[in-house]
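Each remark here refers to the structure printed beneath this line.
A quick note: this is a predicted structure, and the numbers were derived from the prediction, not measured. Proteins get letters first, then strands, A, B, ... in listed order; numbering begins at 1 in each. Every heavy atom of this structure was used, including side-chain atoms; hydrogens, water molecules and symmetry mates were not.
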Protein chains: 2
Amino acid sequence: MLELAILGLLEDQELHGYEIRKRLRDELGVFSNVSFGSLYPALSRLERSGALEAVEETDRPAAPPVPMTGSLSGERAAMRAARTTSTRGRRGRKVYRITEEGRRQFTVLLDSDPGPDDARSFGLRLAFARYLPPQARLRLLERRRAQLAERLSETRAAARDAESRLDPYARSLVEHTTESTEQDISWLDRLIEAERARVPAAPASTRATGPAGAELTVSTVVREGEIR
Amino acid sequence: MLELAILGLLEDQELHGYEIRKRLRDELGVFSNVSFGSLYPALSRLERSGALEAVEETDRPAAPPVPMTGSLSGERAAMRAARTTSTRGRRGRKVYRITEEGRRQFTVLLDSDPGPDDARSFGLRLAFARYLPPQARLRLLERRRAQLAERLSETRAAARDAESRLDPYARSLVEHTTESTEQDISWLDRLIEAERARVPAAPASTRATGPAGAELTVSTVVREGEIR
DNA sequence: GTCATCATGTAAGCCGTTACATGATTGC
DNA sequence: GCAATCATGTAACGGCTTACATGATGAC
């Protein structure tokens, strides 16, 4: 999940760790305040797996790759020079760039079914939906809709059973959750409709017409970024 | 969190593990499908800490306390007898009962501030709100409201900055999330109002009148139980 | 000079998960 | 007899958190 988010951010531009954290918080809303304790190890993993390549930033933006020399003193000197000469001396920040392999991994991650989907992973995928081919985009939306619909009907069945012994607080909670889910579903319906209009040549897949049209009143929307 | 949920369920009645799992799923909605891998260890911990006491179920519901004798063979025999004689022979289920110490722990857990509150923990606490004294109930609601309000204004600020580079999908996501949060907040406002009406002798605390009245358009409701 | 912010990282731990192992009871 | 459900547990692992350690730079 975190790796998906990182790769997605780096699709657009190269960034260093600290900045990635900011974007995750402000841009994506998801992962409000990822901790460095999980961010930096994730970056290392991605680098080891060949999805990212890191460049010690020397001076100006878009500096030449500067392959690691192994000569520490040399690199220190370069850094010091950069510091004195230019815009603003920065500590050696590690700027990450996505590789072809990384792009491939991103596509795979983005399009894979996360099983019992939670809101966060859906929110994240939707935020990167522009990188998905139209049919995959539609599949993402429909999958989510189906899950919410199923949840909603289960919740309703359970609520019918337990309603009598529910106190006002629990009841209000259940009702509010149900309403929210319903709104999430109708939001998804709008997105799905818009998406179908954009791709009228939709190869009427069995999945799309089957369970999706069955019932209309399901829900539980995005609500990622809840953890803070 | 799990322990809070378990203690809350057992406030009402004694239950065995398998049944607790069901209730967690159907009644509370939270923890849809807690795994046994976390449920049973949690029960053991609670028992060790003295919050629960376990009785091997012998036969009829509401069997006499049957203090542990230490004589395994004796208990086994009782079980076997029960199996043959009565309603339906069951495997030796371990029925848990909350102790006074457990009730104390429950109260503490329920009323403690879970720091950066996530939706799940709020939902859970609200479901057990009947066990809270009125002022604590009000505090819970106001705390949650304040958190949502803060989140909302942060999201809005971030959205203003980043709006230009947001594609339609991300933008729709942000908008929908914002709306949901607003609705969550107004739901909370209704609950708070109702609560204040019930306790007109509210000792006008500084926390209540200060930040809570500042802005009206914040939100992000319950949405627990998302993980399934 | 010292404080806030930027910047990177490690270590330990929490809280949950899946997968595995076991076995009794009920219904077909 | 066999499968589904009830019932309890252990082991390994996952993904994130907090707390800690370190240090540069810029503003006051």
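Under the salt bridge (charged side-chain N to carboxylate O under 4.0 Å, His left out) criterion, B:Glu53 pairs with B:Arg97, not counting sequence neighbours. For B:Asp12, the salt bridge (charged side-chain N to carboxylate O under 4.0 Å, His left out) criterion is met by B:Arg130, not counting sequence neighbours. Every residue was checked against the salt bridge (charged side-chain N to carboxylate O under 4.0 Å, His left out) condition with B:Asp26, not counting sequence neighbours, and none meets it. Legend: residues meeting ring-ring contact (aromatic ring centres under 6.0 Å, His included) with A:Phe106, ordered by chain and number and at least two apart, are A:Phe128, A:Tyr131. Taking B:Tyr18 as the reference, B:Phe36 meet the ring-ring contact (aromatic ring centres under 6.0 Å, His included) condition, with sequence neighbours excluded.
Straight-line distance from the CZ atom of B:Arg23 to the P atom of D:dA7: 12 Å, rounded to whole Å. Separating the CZ atom of A:Arg93 from the P atom of C:dT5 is a distance of 17 Å, rounded to the nearest angstrom. Nucleotide C:dT17 holds its P atom 11 Å from the CE atom of B:Met1, rounded to whole Å. Atom CD of B:Glu19 is separated from atom P of D:dC6 by 10 Å (rounded to the nearest Å). If you take CZ of B:Arg21 and P of C:dG16, they are 15 Å apart, rounded to a whole angstrom. Taking atom OH on B:Tyr18 and atom P on C:dG23, their separation rounds to 18 Å, with Å as the unit. Atom pair B:Arg120:CZ and D:dT17:C1' shows a separation of 15 Å (rounding to whole Å applied). Atom NZ in B:Lys22 sits roughly 11 Å away from atom P in D:dT8 (whole-Å rounding).
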Tabulated below should be each protein N or O lying under 3.5 Å from an N or O of nucleotides 9-12 of chain C; please produce it.
from: C:dG9; atom 1: OP1; to: A:Lys94; atom 2: NZ; distance (Å): 3.2

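Closest-nucleotide positions on DNA chain D for B:Gly17 and A:Leu39 were compared, and the one nearer the 5' end corresponds to B:Gly17.
Side chain of B:Arg125 to backbone of B:Leu109: a donor-acceptor contact under 3.5 angstrom is found.
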